[in-house]
Amino acid sequence: MLVLVFVFALLGADALKPPVGAAEPLVFGVNNPVHGYDTRPTRDRFSRFKADLDAGRITLEAGDELTLLRSVLGALEIPVSSQMLVTSATSFQKTIISPRRPRALYFNDDTYVGFVPGGQIEVVSIDPALGPIFSIFGRPTAAGKAPRIQRIASCLTCHATPQMDEIPQLVIESVVPSITGGGEKAFRRDLSGHGVPLDQRFGGWLVTGAPWFSQHWGNILIERTRSGAKQRSMEPGELFDLGRYPIPTSELLPQLLHEHQVGFTNRAVTATYRTRVLLQENAGRIEAIKPDLESLARGLVRYLLFADEVPLPPGGVTGAEAFKTDFLAKRRVASNGHSLRDLELSTRLMRYRCSYMIDSPAFAGLPQPLRQIVDLELERALDPATTTQEYAYLPAEEKQVIRTILQEMRPPSAQEDPR
């Protein structure tokens, strides 16, 4: 350190600047105007909901806060059964979140709702071109009035950090809290998806209905005493009233599927942003960036096909019947009788290892040059004649089932705004 300071003092600050003519690092994230993150019209589910609400085409039941929450979830087609309870203060409303007042999260394939008793309702909705859009609102000030919904840019402080190249992301932290909700231990902060080891997950999250599965950081609280920090487990409802939430559960299956789809959404949004900037910097010359696009496509396809999924805990995943019913209600069945939403749950999440998130806005919004290469990589990966070890974990029969589903139900790509 002393040597660096001495050289800096002798040569001056200009000596450590990039040489004249050196390429400036690419700005991939929201500060690059090519994305129009703050200027483009939004096309996510919650923006459509807000437009309908403002126009009076829909109304909300706005009695007590649980009535409002249920009404919002119903309008957004988010099942109450997806409820997950978080005890760590890792939110826009962190001052009121703790093991004594957890934050509840709810989700479907493209929209995420956060609720804190006595607080406001948070929404993250996925726009095909822009990725996560963040909003917040409280109860209406008067009967019959629509809530005042605000799009919140400050969420990007945590959801589009320099470490994320300022590309908007969904964040799942594993933070073991103190009684006040502050983090005492943290794991996997930069990781998301089905490849994250189970013993690094659920810190600051409650897990119910899975007494056989204990190799994780869920249901744990760290208390500080005169003799030092002490780690102990806590039961859901031990420190708070479960009656303040729509249902008394925070089950394992919703959390596993939530982890999987967040991992895909982050990868797809990152690939979209990077592709858009690479096209801009290379005047749309696809051949000049083809190796980059092939690398992005390979990563997306491997994730879609569960290449690095960690095994489920011994004994698999049971229970969560209400959530299973809600999840399977969106099941689209091919002529072979199978669906990408068919669950396996003994050793892995899905019976057929191609993600249902291929039918999500995040996938539909992939820029066309990238989407074409993704489609080619999917064809290669699912060809029963392919001998590459990269996809050897998929048996030929499973590949054929997936191919049939995709051929019949392949989602169209979004019409990408070329700006």
- Message: I'd like to know if the side chain of Ser98 reaches the main chain of Thr180, judged simply by a donor and an acceptor atom lying under 3.5 Å from each other, with no hydrogens or angles considered.
- Response: no

Are [X] and [Y] close enough that their ring centers fall under 6.0 Å?
| X | Y | value |
| --- | --- | --- |
| His194 | Phe264 | no |
| His35 | Phe28 | no |
| Tyr356 | His260 | yes |

Please determine whether a side-chain nitrogen of the Lys or Arg among [X] and [Y] lies less than 4.0 Å from a carboxylate oxygen of the Asp or Glu.
| X | Y | result |
| --- | --- | --- |
| Glu398 | Arg403 | no |
| Asp165 | Arg274 | yes |
| Glu344 | Arg353 | no |
| Asp44 | Arg48 | no |
| Glu390 | Arg380 | yes |
| Arg331 | Asp342 | yes |
| Lys50 | Asp54 | yes |

Tell me whether the NZ or CZ atom of Arg151 lies within the 45° cone about the ring axis of Tyr37 and under 6.0 Å from its centre. yes

Subject >> Cation-pi geometry met for Arg148 and Phe137 (6.0 Å, 45°) >> reply: no

Between Arg341 and the options Asp359, Asp109, Asp326, the salt bridge (Lys or Arg N to Asp or Glu O under 4.0 Å) test singles out Asp109

Could you check whether Asn266 and Ser192, counting side-chain N and O atoms only, form a donor-acceptor pair closer than 3.5 Å? yes

Worksheet item: Under 3.5 Å, is there a donor-acceptor pair linking the side chains of Gln120 and Gln93?
Response: no

